[in-house]
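Notes to accompany the following structure.
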Amino acid sequence: MFSIEHDFDATVVTLVDEGETPLQEDVVVHGFEDCITVEQYDPRADRVQRVTLSMTQMRDLAAALRLPEGVYTRKDG
């Protein structure tokens with residue numbers, strides 16, 4: 001299950017793990033104008049872990065999810 005919310009300065013997508021146990025904590029993706037952040041609560045460290053991706057990194061990741069193993073260069077346009 002996932003939800004999408006549009007805030008003032010970001011689009012927020014929350015991914016909920018509904019599979020069989022052991023379940024993972026929710027993943028929250030914040031889409032800003034200049035970057036994407038991915039957050040997940042880490043119960044072992046008792047804190048939220050955050051990764052920040054530039055828009056170029058996000059486009060590369062989206063492309064990589066559809067490609068076979070290898071090394072690639074993405075060209076815009």
Side-chain angles (χ1 to χ4, degrees):
M1 178 180 108
F2 64 93
S3 67
I4 302 171
E5 301 173 53
H6 298 289
D7 290 342
F8 173 73
D9 62 345
T11 297
V12 180
V13 177
T14 302
L15 308 172
V16 179
D17 189 0
E18 292 185 298
E20 297 181 24
T21 56
L23 299 178
Q24 299 296 314
E25 297 291 331
D26 295 353
V27 172
V28 181
V29 180
H30 296 265
F32 297 97
E33 184 176 328
D34 61 341
C35 68
I36 303 290
T37 62
V38 180
E39 299 176 344
Q40 186 177 41
Y41 175 72
D42 180 353
R44 294 169 296 181
D46 192 29
R47 66 183 216 132
V48 173
Q49 303 289 345
R50 178 182 296 133
V51 174
T52 302
L53 303 170
S54 69
M55 297 311 282
T56 299
Q57 288 174 312
M58 189 63 223
R59 286 189 290 273
D60 288 350
L61 176 59
L65 293 174
R66 297 183 299 270
L67 294 169
E69 183 177 348
V71 177
Y72 299 89
T73 300
R74 194 176 47 78
K75 295 182 182 179
D76 291 328

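- In terms of heavy-atom proximity, R44 sits nearest to D42 at N-OD1, 3.0 Å.
- Taking both residues in full, the closest heavy atoms of L53 and Q57 are given as CA-OE1, 3.3 Å, listed atom of the first, atom of the second, then distance.
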Would you tabulate the side-chain donor-acceptor contacts of residues 7-20 under 3.5 Å, counting partners in other chains and residues two or more places apart, or write 'none'?
| unit_1 | atom_1 | unit_2 | atom_2 | d |
| --- | --- | --- | --- | --- |
| T11 | OG1 | H6 | ND1 | 3.2 |
| D17 | OD1 | G19 | N | 3.2 |
| D17 | OD2 | Q24 | N | 2.8 |
| E18 | OE1 | M1 | N | 2.9 |

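- Grouping the Ile, Leu, Val, Met, Phe, Trp and Tyr side chains by contacts below 4.5 angstrom, directly or via other members, places I4 with V38.
- In this structure, CG in L67 is found 12.0 Å from CD in E69, a value given to the nearest 0.5 Å.
- For F2, the CZ atom sits in a loose shell: 12 or fewer heavy atoms of surrounding residues, nucleotides or ligands are nearer than 6.0 Å.
- Distance check: T56 OG1 to D60 CG gives 6.5 Å after rounding to the nearest 0.5 Å.
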Candidate pair R47 and Q49, rule side chain to side chain donor-acceptor pair (under 3.5 Å), full reasoning | CA-CA 6 Å; R47 66 183 216 132; Q49 303 289 345; 3.2 Å; yes
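- Residues V51 and M55 share a single hydrophobic cluster, defined by chaining ILVMFWY side chains whose heavy atoms lie under 4.5 Å apart.
- Hydrophobic clustering keeps F32 apart from M58 (ILVMFWY residues linked when any side-chain heavy atoms are closer than 4.5 Å, directly or through intermediates).
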